[in-house]
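See structure below.
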Amino acid sequence: MNICIWEGVYEQKKLSLAAQIFIALVLAIIAGLVMQGVSEFTVTYIKPFGTIFLNLVKFIVGPIVLFSIMSGIVSMRDIKKVGIIGGITAVYYFCTTTVAITIGLAVANLFKGSFPMLTTASLTYEAPEATSGMDVLVNIFPSNFLVPITEANMLQIIVMSVLIGFSVILLGEKAQKAIEGITICNDIFMKCMELILKLSPIGVFCLLTPVVAVNGAAVIGSLAKVLLAAYICYFIHAVVVYSFTVSILGGISPYRFFRGMLPAIMFAFSSASSVGTLPLNMECTQKLGASKEVSSFVLPLGATINMDGTAIYQGVCAIFIASCYGIDLTFAQMITIVLTATLASIGTAGVPGAGMVMLAMVLTSVGLPVDGIALVAGVDRIFDMGRTTLNITGDASCAVIASNIMRKRQEK
Ligand code: ASP
């Protein structure tokens, strides 16, 4: 029944919302280019409306992840089934992220010759405290029931939802009311998110205009090359890896997949938030044939831990920063980058700019100066738009694939 509510409400608005986002995107680019001379104005007076929109998205994201994972788990009513889907998801996410960072390093190494060696004396970047791999692991587990929600700590929220979801299943008949309650809460927060999303064309316009106005000229030159390297990787990963996986394992043509994903792709590109794109992503994947129970489990998980675009960005930027400082990375250091970028992308929150903070961890792991982040910080938003788009496309491909595998198992 809740599928009907979700689909029904969106049915009438869907096309127009996607069209509105697209129009907002085009208008923002035009307005940004026109207002390059008054970029401060765009930052002071236009960006805050985008920030309001993002704040609303951040506000809703904790409950959305909590209830949608719980409702995905309880609707399966079978721990073994959750285990199988969880297993498929974990293996797929891990493998695609490793391939992504490998592509990132390979392409960045090809570009290395054209990256400049800079005088870096004037760099200023307040590095956040570096987080070790073990810290990331320990921090996944909550020590308090409320803090994960109040701090919007997504990994902890996921652990909470899985634990509670499993407990509800194990209680069986006795927890029937809890199942209904979780389903209703999920519908309420989805509805709330839908209301917030109605503002997305305005949000998109107000977020993108200052980016174009401020960066229009800055992307020319050396930064254009590192941006180009990252975007080539995003493109290769989407077109080669996801096309291959959705057609072989998901049973749908890449053309149908990417076309069906267009509204979510446009939204991710302009909002730079995987988590904010979650409801649209759910809608798109369900239209592509993913089941609701699978997508409400796989997508919130993916929006938090599966970041192929972020991994690519971290690999490309590590090579770029090393080359700006005249440092040649060894093969062993590259392997370390593959490992830490995979871990860092898991620990990255699905909100704008989070990947740049985690870049500090990758740089520290191979002894590169964290200050180097200042080199790419100015255009981070442009990296972020592409990496978020790839992040959510990867999540969607997993939902389509896991649904197809589960369908085939049931048919047997
Ligand atoms: N903005 C990205 C996302 O939401 C995370 C990142 O900064 O890499 O997926």
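Worth knowing before you read on, the calculation uses all heavy atoms, side chains too, and leaves out hydrogens, waters and symmetry mates.
The environment of CZ in Phe258 is crowded: more than 12 heavy-atom neighbours from other residues, nucleotides or ligands sit within 6.0 Å.
Side-chain atoms of Ser39 do not come within 3.5 Å of backbone N or O of Ala213 as any donor-acceptor pair. Distance alone, capped at 3.5 Å, places no donor-acceptor pair between the Thr209 side chain and the Cys206 backbone. Although no hydrogens or angles enter the test, the distance criterion places a donor-acceptor pair under 3.5 Å between the side chain of Gln333 and the main chain of Val366. Listed for the Gln286 side chain is no donor-acceptor partner under 3.5 Å among the backbone atoms of Ser295. With Ser247 contributing its side chain and Phe244 its backbone, the two residues share a donor-acceptor pair below 3.5 Å.
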Under 3.5 Å, side-chain donor or acceptor atoms of residues 351-360 against the rest of the protein: list the pairs with distances, not counting sequence neighbours.
none

Identify all side-chain donor-acceptor contacts of residues 404-411 below 3.5 Å with residues at least two apart in sequence or on another chain.
| from | atom 1 | to | atom 2 | distance (Å) |
| --- | --- | --- | --- | --- |
| Asn404 | ND2 | Leu249 | O | 2.8 |
| Asn404 | ND2 | Gly250 | O | 3.4 |
| Arg407 | NH2 | Gly289 | O | 2.5 |

Identify every side-chain donor-acceptor pair in residues 97-109 under 3.5 Å, counting partners at least two apart or on other chains, and give the distances.
| from | atom 1 | to | atom 2 | distance (Å) |
| --- | --- | --- | --- | --- |
| Thr97 | OG1 | Tyr93 | O | 2.7 |
| Thr97 | OG1 | Asn306 | OD1 | 3.3 |
| Thr97 | OG1 | Asp308 | OD1 | 2.8 |
| Thr98 | OG1 | Phe94 | O | 2.7 |
| Thr102 | OG1 | Thr98 | O | 2.6 |
| Asn109 | ND2 | Leu105 | O | 2.9 |

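Salt-bridge formation is detected for the pair Arg387/Asp384: a Lys NZ or Arg NE/NH1/NH2 atom is positioned less than 4.0 Å from an Asp or Glu carboxylate oxygen.
Pairs passing the ring-ring contact (aromatic ring centres under 6.0 Å, His included) check and including a residue from residues 362-384, sequence neighbours excluded, read Tyr313-Phe383. For the ring-ring contact (aromatic ring centres under 6.0 Å, His included) condition, the pairs that include at least one residue of residues 52-92, sequence neighbours left out, are Phe67-Phe189. Counting only residues at least two apart or on different chains, no salt bridge (charged side-chain N to carboxylate O under 4.0 Å, His left out) pair has a member in residues 260-274. Screening residues 236-252 for salt bridge (charged side-chain N to carboxylate O under 4.0 Å, His left out) gives no qualifying pairs among residues at least two apart or on separate chains.
Looking at Phe111 and Val226, their side chains never come closer than 4.5 Å, going by heavy atoms from C-beta outward. The shortest side-chain heavy-atom distance between Ser253 and Arg256 falls under the 4.5 Å cut-off. Residues Ser75 and Lys292 form no side-chain contact, since every pair of their non-hydrogen atoms from C-beta on lies 4.5 Å or further apart. Looking only at side-chain heavy atoms (C-beta outward), Pro48 and Ile52 stay at 4.5 Å or farther from each other. Put simply, the side chain of Tyr231 reaches to within 4.5 Å of the side chain of Met385, judged on heavy atoms. You'll find the side chain of Arg381 reaches within 4.5 Å of the side chain of Leu207, heavy atoms only. Side-chain atoms of Ile312 and His237, non-hydrogen and from C-beta on, do get closer than 4.5 Å to each other.
Contacts of Lys47 classified as salt bridge (Lys or Arg N to Asp or Glu O under 4.0 Å), with partners at least two apart in sequence or in another chain: none. The side-chain contact (heavy atoms from CB on, under 4.5 Å) test applied to Asp328 returns Lys112, not counting sequence neighbours. Phe41 pairs by the side-chain contact (heavy atoms from CB on, under 4.5 Å) definition with Met35, Val38, Tyr45, Ile46, not counting sequence neighbours. Residues meeting the side-chain contact (heavy atoms from CB on, under 4.5 Å) test with Ser143, sequence neighbours left out: none. Remark: Thr389 engages Ile265, Ala268, Phe269, Thr393 in a side-chain contact (heavy atoms from CB on, under 4.5 Å) (not counting sequence neighbours).
Here the closest heavy-atom approach between residue Asn281 and residue Ala396 is recorded as OD1-CB, 3.5 Å. Heavy atoms only, all atoms of each residue included: Thr96 and Val241 are closest at CG2-CG1, 4.2 Å. When all heavy atoms of Ser71 and Ser296 are compared, the pair lying nearest together is OG-OG, 4.4 Å. The minimum heavy-atom distance between Met261 and Cys284, with the atom names listed, is SD-CB, 3.9 Å. Here the shortest heavy-atom pairing between Pro369 and Ile321 reads O-CG2, 4.2 Å. The minimum heavy-atom distance linking Cys398 with Val298 is given by the pair SG-CG1, 3.8 Å.
Atom CD1 of Ile319 sits about 11.5 Å away from atom SG of Cys324, to the nearest 0.5 Å. The distance from atom CD1 of Ile64 to atom SG of Cys185, rounded to the nearest 0.5 Å, is 11.5 Å. Atoms CG and OH, on Asn391 and Tyr234 in that order, are 8.5 Å from each other to the nearest 0.5 Å. If you take CG on Leu227 and NZ on Lys225, they are separated by 12.0 Å, rounding to the nearest 0.5 Å. The distance from the CG atom of Asn144 to the CD atom of Glu151 is 9.0 Å, given to the nearest 0.5 Å. Atom CG of Leu339 and atom CE of Met334 lie 13.5 Å apart (nearest 0.5 Å).
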List the steps and the verdict of side-chain contact (heavy atoms from CB on, under 4.5 Å) for Ile30 and Val34. CA-CA 6 Å; Ile30 298 171; Val34 171; 4.3 Å; yes

Report the C-alpha separation of Met70 and Asn186 in whole Å, then their side-chain angles, then the decisive distance to 0.1 Å, and conclude whether the side-chain contact (heavy atoms from CB on, under 4.5 Å) test is met. CA-CA 9 Å; Met70 275 202 293; Asn186 189 35; over 6 Å; no

Walk me through whether Leu368 and Ile327 qualify under side-chain contact (heavy atoms from CB on, under 4.5 Å). CA-CA 8 Å; Leu368 287 172; Ile327 300 167; 3.6 Å; yes

Apply side-chain contact (heavy atoms from CB on, under 4.5 Å) to the pair Phe235 and Val240, showing each step before the final yes or no. CA-CA 8 Å; Phe235 188 75; Val240 178; over 6 Å; no

For a side-chain hydrogen bond (donor to acceptor under 3.5 Å, both in side chains) check, start with the C-alpha distance between Ser274 and Asp395, then their side-chain angles and the critical distance, and finish with the verdict. CA-CA 9 Å; Ser274 297; Asp395 303 340; 5.1 Å; no

